[in-house]
Amino acid sequence: MQLYNTLTRRKEEFVPREPGQVAMYVCGPTTYNYIHLGNARPLVFFDTVRRYFEYRGYRVLYVQNFTDIDDKIINRAREEKADALLLAQKYVAEYFKDADALNVRRADIHPRVSGHLPEITAMIAALLEKGAAYVVDGDVYFHIASFPAYGRLSGRSLDEMQAGARVEVDPRKKHPMDFALWKAAKPGEPAWDSPWGKGRPGWHIECSAMAVKYLGHNFDIHGGGFDLIFPHHENEIAQAEAATGRPFARYWMHNGFITVNQEKMSKSLGNFFLVREILEKFPPPVVRFFLLSTHYRSPLDFDDEKLAAAGRGLERIKTSIRLLAEAMGRGSGSEKPPAAGDDFPATLEKYRQDFIAAMDDDFNTALAIGIFFELAREVNTYLQDGSKGGGLRQDDLAKAMSLFFDFNRVLGLFPVDVTAGRIRLEEPAGDDDKLTAGLIALLLEVRGQARARKDWAAADRIRDGLKELGIILEDTPQGVRWKRQQG
RNA sequence: GGCGACAUAGCCAAGUGGUAAGGCAGAGGACUGCAAAUCCUCCAUUCCCCGGUUCAAAUCCGGGUGUCGCCUCCA
């Protein structure tokens, strides 16, 4: 597998620290609000990375943190006159609702800052001991000049950064780019004891401390959004490596931004869309499909029309899975031997290999999805045209479905109903939906009778009426089928 | 000001030296009572512009133009 390493600015062959195992850490959200689509991109992408590694036979240890102690949380809590930690907890719970909806699997470990003060203060103490940090009035700063490799990840030198400095420099700092490891508490702020007085950790130290705790040294992959390269990840490296004297992480992966009208979606610009707002308009698989339809390092422009177009595309894949499931359900596989030169299983295998090649090349999900479409068309062709290759036998159908499952397992588009052993294309049905289904069945029965006596007006009246209600009818040789309209 | 990325059809998008994947939209056809779905065919002589390297460039080099990002909290 090849993956692009921000550290070296090129694609590299992925060689795990330990054969067959992948240890990865991805920066999670600061929990002071519901997540927006920009936050969802790394979630979905790195979830897909993890799924693909597993598909390729790796054992993955996946850690994603929550920043639940932070200035933004404190400010928000102050505005709402709430307790900062409780507020953070609430948004952790809300985060999981959104992530679950997007079919993002839980990480193996979701560490929170509030649960790791001992590890954090221990790392700060180590940095002080090694002369990489200093204390000023209860604050502790990392001293950048003590870490020669500073700037390696972001590809800039200290001189360059100073030249472009846009921030008022705190005169107490030894170097303008020195950053806080520990912030002394002001009255009323949540605070923890430390050898330097009451306070709280700076933003960057948590990730260094928690990543080292759970993944050890020189772990495989560290991920996050592009905007974390500097300063967050640069600082993480400096802290962890200065404190432990050992390499921190080996491959650094960064996803591009979601944009709106070509501008970065961000809270400060106010042009963000919450995941839950979007999910009110579009089913989760469409959102996930949309996010994966562009390579992860490219920007992805969002608007409703683009999401709708993605939804129409995804509908093709759904239809193909549906048609295949129907054919399997009928148990009507062809009994004819395959035509000479026609080898359906070999065709399927070609698609599998193409898919793997795409994903092996720096997780090219856009290409992989293209292959998914080609597979769908191939299967549809066989399914509708019994003459091609003599039609599909039952074991062919099962093999095709198995490939759909594998592609779906990696991309995570649709949840899989494990007990029923099927891909769940629609939202689960509630009680109301049962009634709806019953009523539709009744209408379809009446319409069937109308069609039998060629009363097209009555039949079309029912079909048109249902369409207005968002129910699409399709007449097939095997009878009528219905589905909900998407988007 | 410093650093970096990107520019492919109406739209989205893959493609880093060998002659433009895939999807959406659109056109025609098969199928259908008509539709829908599905399938077939068509839809970029050309990849922002100008030079250069090469037998060969969307792909490499140089120069422009444009857009975006990082340097400040941000996925």
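Residue numbering restarts at 1 for every chain, and letters A, B, ... go by the order of the sequence lines. These numbers come from a predicted model, not from an experiment.
Nearest nucleotide to the side chain of Asp460(A), out of A36(B), C70(B), C34(B): C34(B). Of the listed nucleotides (C40(B), C34(B), C74(B)), C34(B) has the atom at the smallest distance from the side chain of Asp475(A). Distance from the side chain of Glu374(A) is smallest to G22(B) among A36(B), G22(B), A75(B). Counting only heavy atoms from C-beta on, Phe230(A) has its side chain closest to C71(B) among A36(B), C71(B), A75(B). Side-chain proximity of Arg451(A) to A75(B), C70(B), G33(B): nearest is G33(B). Checking C40(B), U38(B), G2(B) against every side-chain atom of Arg156(A), the shortest atom distance belongs to G2(B). In this structure, the nucleotide among A21(B), C74(B), C34(B) sitting nearest to the side chain of Arg463(A) is C34(B).
With hydrogens and angles ignored, a donor-acceptor pair closer than 3.5 Å exists between the side chain of Lys264(A) and the base of C74(B).
Shown here, U53(B) forms no base pair; nothing in the strands shown gives a Watson-Crick or G-U wobble contact with both key distances under 3.5 Å. A 3.5 Å limit on both hydrogen-bonding distances identifies no Watson-Crick or G-U partner for A36(B). With a cut-off of 3.5 Å on both pairing distances, the Watson-Crick or G-U wobble partner of C24(B) is G10(B). Pairing partner, G17(B): none, since no Watson-Crick or wobble contact has both distances short of 3.5 Å. Checking G4(B) for Watson-Crick or G-U wobble geometry (two distances, each under 3.5 Å) identifies C68(B) as its partner. If you check A44(B) for Watson-Crick or wobble pairing at under 3.5 angstrom, you find it has no partner at all. The partner of C73(B) cannot be assigned: no Watson-Crick or G-U wobble pair with both contacts below 3.5 Å exists in any strand.
Salt-bridge check for Arg312(A) with Glu305(A): passed, with a basic side-chain N closer than 4.0 Å to an acidic carboxylate O. Using a 4.0 Å cut-off between a side-chain N of Lys or Arg and a carboxylate O of Asp or Glu, Asp70(A) and Arg200(A) do not qualify as a salt bridge. A salt bridge is absent between Glu206(A) and Arg112(A): the closest approach of a Lys/Arg side-chain nitrogen to an acidic carboxylate oxygen does not fall below 4.0 angstrom. Using a cut-off of 4.0 Å between Lys/Arg side-chain N and Asp/Glu carboxylate O, Arg451(A) and Asp455(A) are scored as not salt-bridged. We find that Lys483(A) and Glu315(A) are joined by a salt bridge, their nearest charged nitrogen and carboxylate oxygen being less than 4.0 Å apart.
Within the 3.5 Å criterion, the main-chain N or O of Ala23(A) finds a donor-acceptor partner in the side chain of Asp220(A). Formation of a donor-acceptor pair under 3.5 Å by the Ser320(A) side chain with backbone atoms of Arg316(A) is not found in this model.
Residue whose closest nucleotide on RNA chain B sits further toward the 5' end, between Ala459(A) and Gln262(A): Ala459(A). Each of Leu37(A) and Ala376(A) was matched to the nucleotide of RNA chain B holding its nearest heavy atom; the match closer to the 5' end belongs to Ala376(A).
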Close N or O pairs between protein and nucleotides 24-29 of chain B (under 3.5 Å):
{"from": "C24(B)", "atom 1": "O3'", "to": "Arg312(A)", "atom 2": "NE", "distance (Å)": "3.0"}
{"from": "C24(B)", "atom 1": "O2'", "to": "Arg312(A)", "atom 2": "NE", "distance (Å)": "3.3"}
{"from": "C24(B)", "atom 1": "O2'", "to": "Arg312(A)", "atom 2": "NH2", "distance (Å)": "2.8"}
{"from": "A25(B)", "atom 1": "OP1", "to": "Arg312(A)", "atom 2": "NE", "distance (Å)": "3.4"}

What nitrogen or oxygen pairs link the protein and nucleotides 13-16 of chain B at under 3.5 Å?
{"from": "A14(B)", "atom 1": "OP1", "to": "His295(A)", "atom 2": "N", "distance (Å)": "3.1"}
{"from": "A14(B)", "atom 1": "O3'", "to": "Asn364(A)", "atom 2": "ND2", "distance (Å)": "2.9"}
{"from": "G15(B)", "atom 1": "OP1", "to": "Asn364(A)", "atom 2": "ND2", "distance (Å)": "2.7"}

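Nucleotides A13(B) and C49(B) place their C1' atoms 23 Å apart, quoted to the nearest Å. As rounded to the nearest Å, U45(B) and A56(B) have C1' atoms that lie 16 Å from one another. Look at the C1' atom in both A5(B) and A9(B): the space between them is 24 Å, to the nearest Å. Straight-line distance between the C1' atoms of C39(B) and C31(B): roughly 9 Å, to the nearest whole Å. C60(B) sits 16 Å from G15(B) when the C1' atoms are compared, rounded to a whole Å. Using atom C1' as the reference point in both G23(B) and A14(B), the two lie 11 Å apart (nearest Å). One P atom belongs to A7(B), the other to U59(B), and the distance between them is 11 Å to the nearest Å. Between U16(B) and A57(B), the two C1' atoms lie 10 Å apart (nearest whole Å).
We find that OH of Tyr351(A) is positioned 14 Å from P of A21(B), with the value rounded to whole Å. For Lys467(A) and A36(B), the NZ to C1' distance is 9 Å, given to the nearest whole Å. The separation between Glu263(A) atom CD and C70(B) atom P is 10 Å, rounded to whole Å.
Taking the six-membered ring where the residue is Trp, Tyr95(A) and Phe66(A) present perpendicular rings, their angle passing 60° and hence far from 30°.
Between C74(B) and Trp203(A), a contact under 4.0 Å exists linking OP1 or OP2 to a side-chain N or O. Distances shown here put a side-chain N or O of Asn39(A) below 4.0 Å from the OP1 or OP2 atom of A75(B). Between Asn255(A) and A75(B) there is no side-chain polar atom (N or O) within less than 4.0 angstrom of OP1 or OP2.
Side-chain contact, His204(A) with Glu234(A): no donor N or O sits under 3.5 Å from an acceptor N or O. In this model, no donor atom of one side chain and acceptor atom of the other lie less than 3.5 Å apart for Tyr91(A) and Asp68(A).
Ring pair His295(A)/Phe363(A): centre-to-centre distance not below 6.0 Å.
None of His232(A), His222(A), His233(A) except one satisfies the ring-ring contact (aromatic ring centres under 6.0 Å, His included) rule with His254(A); the exception is His233(A).
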